[in-house]
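Everything numeric in this text was worked out from a predicted model, so none of it was measured. Convention: sequence-line order gives letters A, B, ...; per-chain numbering from 1.
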Amino acid sequence: MTRYPLALLPCLLCCWHPATAEWNAQLRLMPEYHRVNKESAFFVPTEISGFEKRESRQELELGYRNGGVNGQLLLRNEAYSGGRSQNHTLLNELYWDTQVLEQEITLGKKVMGWGVGFGFRPLDVIQREDRRRLYPVPQEGIPLLAWQGFSDTGAATLVFANPTHGEEEQIREDASLALKVYRIAGEADLHGVARLSKRQQWEIGAGISRVLDDRFEWHGSLLYQRHYQRLINPLTERGGIPLATSDPLRMETSHDGIKALIGGSFTAPDGWSLLGEAWYDDQAYSRDEWKSLFALSGRQRALLGQAGIPDEAVYSNIAASSRYLQGENLLRWNGLARLAYEGERFKPYLDLLYTPEDNGRVLTLNLEYEYDRHRFDFALRHYGGPANAVYRQLPEQWVALLVWQWGIK
Amino acid sequence: MFKRVLICWLLTSQMAVADDEIANWLRQADGFRLPGDEVQVETEIRLFKKGELEKTREYTVFTKPGRRSLVLFRSPNEAGQKMLLLDDKFWIILPSSRRPVRITASQKLLGEASSGDIATLTWSEDYNGILKGEEEVDGVPCRVLELHATRKGVTYEAIELYLAQQDNRPVMANLFVASGKLAKVAHFEMGELNGRRQVVAMKLVDRIQTARITEIRYLDMHPHATPDKLYNPAYLIRNDISR
């Protein structure tokens, strides 16, 4: 990944005009609180899992732009319970937007979001933003070479992502060719996307965003995937002793997947707004698949303390299954309602994510306060619903977060 | 009968002359705000609450005929944010998501300083008016124009505009939103910018949140030709626009 930024260094030097260079810097301090969910089907005691709760995150974000060269560097420190801390240096972006033979070209590592939607963006075929985060972190770009063409009412973008890669461990690192077409049709924006890669073969989708009047808009998007991948635990389908001696999860390829979203919003001139969305994702697990996994976890937990079976083996199998919780959507059907107010200083919002298949609920309250270059956020999230709801199986039940952001320059 | 027709014709033609004259006054007033058709404006906004400076924000605005404006947000907390206004259509790109999003007129108005106040620098393209009377404002004899929006998506549905009788420079304006409520009162400050006598600042006194005053100061304003593609929403993801 570091080869691309290095290749851009000559461009950076060519575009170096000290008089036009622009810098910006932001500092964020984020203490957080997690209440561990011991009722989870995948709960593993800390003394065995070695799991440490993150207690705070500190970030310094540095941005640079000059003559089409843009960069973003993130220095991050994470402090965990027990006094341990981790430092990361992330070059999120370094790219060059330029013209070659009057064609708009982009070269380098750049964030490329194509989705239409708020809670979920099916058309984000190049890279997917984690929309479940309580507080969003700056996204890391994808190495790419892109061409863009513009007309009076439209545009086309052709992207060769990860050009020197093949099929990699992570989908976002796979080499792929993607196309986006965009058109303004009166009060509507129309989007069309297509992506070709070795792993997922081809994906094709379309989206619309339409303004109805001064206050209402609606939007929708649909993506068809020829192939899509999910982690599957084969032990859910097997009898006998439900334990594996190595990682039991394997990647399974399925065919003809659909991701679809529809939503709308109302914004009053006084600052109140209401957003509603519903979406479906074939790549997420079905309620029956979760039930099988819960049953497996129960069978595994019943083996604890049995002679000849080390507890560590049982817990490592349970922990492996918990990777089902890392999916973009935990269940196929989802609904989101969000009430927000944008005031002079305070910008609170309350949102509810609902999974109708199991009545799971994620309630989030956020209060933002801004004063000149300082911004404070207090966020509180609760994972609720019936005891067997998927969101009740997350390793935490409550999360609270405080953020101080200072725009230094 | 002939007399009546003649009177009607005379009255109508009188109105038509008056309309032309008002349009001309508005163009002259616009001339005090913008030095040309295609302009780049460096703007500083200072927000005061109860007399205390609360926030300072910086913006670069590009305008082009056809009601096209592009606002680049320059302040540290907003760096990377852009807003595009094309006629009565609006898009925003936020640094966190990096994708242009179509927004409604109500969403455009949100935020501490309305993008309409920053990006809209002319009246003659958007409003029709009638002469309401004459009045003195701060010792300046003014003609009072009642303006009504001729297009959708304007920030203010109606404006009571006070132009100096001497040269039609804007002196004051009462700004009304669609509900008919007086939202803000604008006071215009004349000065010299790049050797040209023009409006150098606009003070907006909020009549709904009365303790709030917004001062929009034009730090630099000069003709700047920009390509049409700059006003394409898909172009917002590119970052090769130089200041």
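- Looking at residues two or more places apart in sequence or on another chain, you find no salt bridge (Lys or Arg N to Asp or Glu O under 4.0 Å) involving B:Lys82.
- Residues B:Ile237 and A:Gln148 have side chains in contact (heavy-atom distance under 4.5 Å, counting atoms from C-beta outward).
- Residues B:Gln107 and A:Glu342 form no side-chain contact, since every pair of their non-hydrogen atoms from C-beta on lies 4.5 Å or further apart.
- Using a 4.5 Å cut-off between heavy atoms, A:Ile184 contacts chain B through its side chain alone, with no backbone atom that close.
- For CG of A:Asp130, the number of neighbouring non-hydrogen atoms (other residues, nucleotides, ligands) closer than 6.0 Å is greater than 12.
- For A:Ala146, no part lies near chain B; criterion is any non-hydrogen pair under 4.5 Å.
- Annotation: A:Gln103, atom CD; neighbour count of heavy atoms from other residues, nucleotides and ligands within 6.0 Å is above 12.
- Taking both residues in full, the closest heavy atoms of B:Lys89 and A:Gly186 are given as CE-O, 3.1 Å, listed atom of the first, atom of the second, then distance.
- Going from atom CG of B:Leu86 over to atom OG1 of A:Thr153 covers 11.0 Å, rounded to the nearest 0.5 Å.
- Scanning residues 226-233 of chain B against chain A with a 4.5 Å heavy-atom cutoff picks out B:Lys229, B:Asn232, B:Pro233, ordered by number.
- Residues B:Arg102 and A:Glu217 have side chains not in contact (no heavy-atom distance under 4.5 Å, counting atoms from C-beta outward).
- Atom OG of residue B:Ser106 and atom CZ of residue A:Phe216 lie 9.5 Å apart, to the nearest 0.5 angstrom.
- For the set B:Ser96, B:Ser179, B:Pro95, the entry with the most heavy-atom pairs within less than 4.5 Å of chain A is B:Ser96.
- Using a 4.5 Å cut-off between heavy atoms, A:Gln72 touches chain B through its side chain atoms alone.
- Rounded to the nearest 0.5 Å, atoms CG (B:Asn239) and CG (A:Asn66) are 12.5 Å apart.
- Contact count versus chain B (heavy atoms, under 4.5 Å) is highest, among A:Gln26, A:Glu187, A:His219, for A:Glu187.
- Judged as a salt bridge (Lys or Arg N to Asp or Glu O under 4.0 Å), the pairs with a partner in residues 116-126 of chain A (not counting sequence neighbours) are, in order, A:Arg121-A:Glu129.
- The local environment of CH2 in A:Trp147 is crowded, with over 12 non-hydrogen atoms from other residues, nucleotides or ligands closer than 6.0 Å.
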Quiz item: Could you walk me through whether A:Val211 and B:Thr104 pass the side-chain contact (heavy atoms from CB on, under 4.5 Å) check?
Solution: CA-CA 6 Å; A:Val211 169; B:Thr104 62; 4.1 Å; yes
Exercise. Check the pair B:Arg57 / A:Asp372 against side-chain contact (heavy atoms from CB on, under 4.5 Å), numbers first and verdict last.
Key: CA-CA 8 Å; B:Arg57 295 281 182 260; A:Asp372 201 16; 4.3 Å; yes
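- Contacts of A:Lys180 with chain B are absent, with no heavy-atom separation under 4.5 Å from either backbone or side chain.
- Residue B:Asp138 places its CG atom among 12 or fewer non-hydrogen atoms of other residues, nucleotides or ligands, all under 6.0 Å distant.
- In this structure, the side chains of B:Val101 and A:Phe118 stay at 4.5 Å or more apart for every pair of heavy atoms.
- Identified by a heavy-atom distance below 4.5 Å to chain B, the contributing residues of residues 261-270 of chain A are A:Ser265, A:Thr267, A:Ala268, A:Pro269, in residue-number order.
- Within 6.0 Å of atom CZ in B:Arg207, 12 or fewer heavy atoms from other residues, nucleotides or ligands are found, so the atom counts as exposed in its surroundings.
- Interface remark: A:Ile105 contributes backbone atoms only to the contact with chain B (heavy atom separation under 4.5 Å).
- At a cut-off of 3.5 Å, with distance as the only test, a side-chain donor of A:Asp189 or B:Trp91 sits close to an acceptor on the other residue.
- Side-chain contact between A:Glu93 and B:Arg98 is present, with at least one heavy-atom pair separated by less than 4.5 Å.
- At a 4.5 Å heavy-atom cutoff, A:Thr157 makes no contact with chain B through either its backbone or its side chain.
- Both the backbone and the side chain of B:Ser97 come within contact range of chain A, judged by heavy atoms closer than 4.5 Å.
- Side-chain contact check for A:Tyr371 versus B:Lys55: every heavy-atom pair is 4.5 Å or farther apart.
- Proximity to chain B is absent for every atom of A:Val137, based on heavy atoms less than 4.5 angstrom apart.
- Using a 4.5 Å heavy-atom cutoff, the side chains of A:Thr106 and B:Arg238 are in contact.
- Summarising the geometry, atom CG belonging to A:Asn24 is positioned 10.5 Å from atom CZ belonging to B:Arg74; distances are rounded to the nearest 0.5 Å.
- B:Phe90 does not touch chain A: none of its heavy atoms, backbone or side chain, sits under 4.5 Å away.
- When side chains are defined from C-beta on, B:Asp240 does not count as touching A:Trp96, because their heavy atoms never get closer than 4.5 Å.
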